[in-house]
Amino acid sequence: MRKYYKFFIVITLFFAVVILFFASYKPALAPENPESVFRELKINGKIINAEIADTPEKQVRGLSGRKNLSENQGMLFIFNTSDHHSFWMKDMNFSLDFIWISGDEIMEITRNVKPEDYQPASTSANRGEPPRSLISKSKVDKVLEVNAGVADSLSIKEGDKIKF
């Protein structure tokens, strides 16, 4: 009887470990935020999978803290109003191209924006100062952030149309 009891405990523990492992498993391609919504964008016949940032909370968080962005992936910020929207690079770990969009037309592109150029200085004299911001020259209602160099590699230029 004791043998069966020990066997039962060993089997129970084994299945508990297996269940805990699979319960905590996250596939490598899972978005960083499980509530993320992606939209396929087409520019010059090329596809970019864009994570949508359409709430103030998602827009403030943006890509901050991420280690990288996959190839042909981006983040699309959608605003309720067309305006001169501003962006900063707080807690960013990689450079970006900013594609400023009005309706479905690319209005301007800011290439190879380095995080260190848009973060506050760490000296004691500058503590509390907000970081430098990027601001669109024209009024836009969307901004697409992609890895630095993507705008050039996909031959994206002002006046191009985006299919959402």
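Neither Val60 nor Leu76 shares a network with the other; the hydrophobic side chains, linked directly or stepwise wherever heavy atoms of I, L, V, M, F, W or Y lie under 4.5 Å apart, form separate groups for each. Residues Ile48 and Ile52 share a single hydrophobic cluster, defined by chaining ILVMFWY side chains whose heavy atoms lie under 4.5 Å apart.
Within the model, atoms CG of Leu63 and CZ of Arg66 stand 5.0 Å from one another, a figure rounded to the nearest 0.5 Å. Annotation: the span from Asp83 atom CG to Ser136 atom OG amounts to 7.5 Å, rounded to 0.5 Å.
The shortest heavy-atom contact between Phe38 and Gln73 is CE2-NE2, 3.2 Å. Shortest non-hydrogen contact noted between Phe77 and Gly62 is CZ-CA, 3.9 Å. Residue Lys58 comes nearest to Asp54 through the heavy atom pair NZ-OD1, 3.7 Å, listed as atom of the first residue, atom of the second, then distance.
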With a cut-off of 3.5 Å and sequence neighbours excluded, list every side-chain donor-acceptor pair involving residues 98-109.
unit_1, atom_1, unit_2, atom_2, d
Trp100, NE1, Thr110, OG1, 2.9
Glu108, OE2, Lys137, N, 2.7
Glu108, OE2, Ser138, N, 3.3

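For the side chain to side chain donor-acceptor pair (under 3.5 Å) condition, no pair includes a residue of residues 139-149, sequence neighbours left out. Counting only residues at least two apart or in different chains, ring pair (Phe, Tyr, Trp, His ring centres under 6.0 Å) contacts with residues 142-164 are absent.
No side-chain heavy atom of Arg61 sits under 4.5 Å from any side-chain heavy atom of Met75. Considering only heavy atoms from C-beta on, Val37 stays 4.5 Å or farther from Glu51 through its side chain. Side-chain contact between Leu134 and Val113: present, with at least one pair of heavy atoms (C-beta onward) separated by less than 4.5 Å. Under the 4.5 Å side-chain criterion, counting only non-hydrogen atoms from C-beta, Ile43 is in contact with Leu144.
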task = Decide side-chain contact (heavy atoms from CB on, under 4.5 Å) for Ile78 and Val143; before the verdict, give the C-alpha distance in whole Å, the side-chain angles of both, and the deciding distance to 0.1 Å.
result = CA-CA 7 Å; Ile78 301 174; Val143 177; over 6 Å; no
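Applying the side chain to side chain contact (heavy atoms under 4.5 Å, CB included) rule to Ser95 yields the partners Asn112, Lys114, Pro115, Ala148; only residues at least two apart in sequence or on another chain are considered. In terms of the side chain to side chain contact (heavy atoms under 4.5 Å, CB included) criterion, residue partners of Lys42 (sequence neighbours excluded) are, by chain and number, Ile47, Lys163. The ring pair (Phe, Tyr, Trp, His ring centres under 6.0 Å) search around Phe79 returns His85, not counting sequence neighbours. Partners of Asp160 by side chain to side chain donor-acceptor pair (under 3.5 Å), not counting sequence neighbours, listed by chain and number: Asn44, Lys157. With sequence neighbours left out, the side chain to side chain contact (heavy atoms under 4.5 Å, CB included) criterion links Asp152 to Arg111.
Remark: the backbone N or O of Gly149 is paired with a side-chain donor or acceptor of Asp97 at under 3.5 angstrom.
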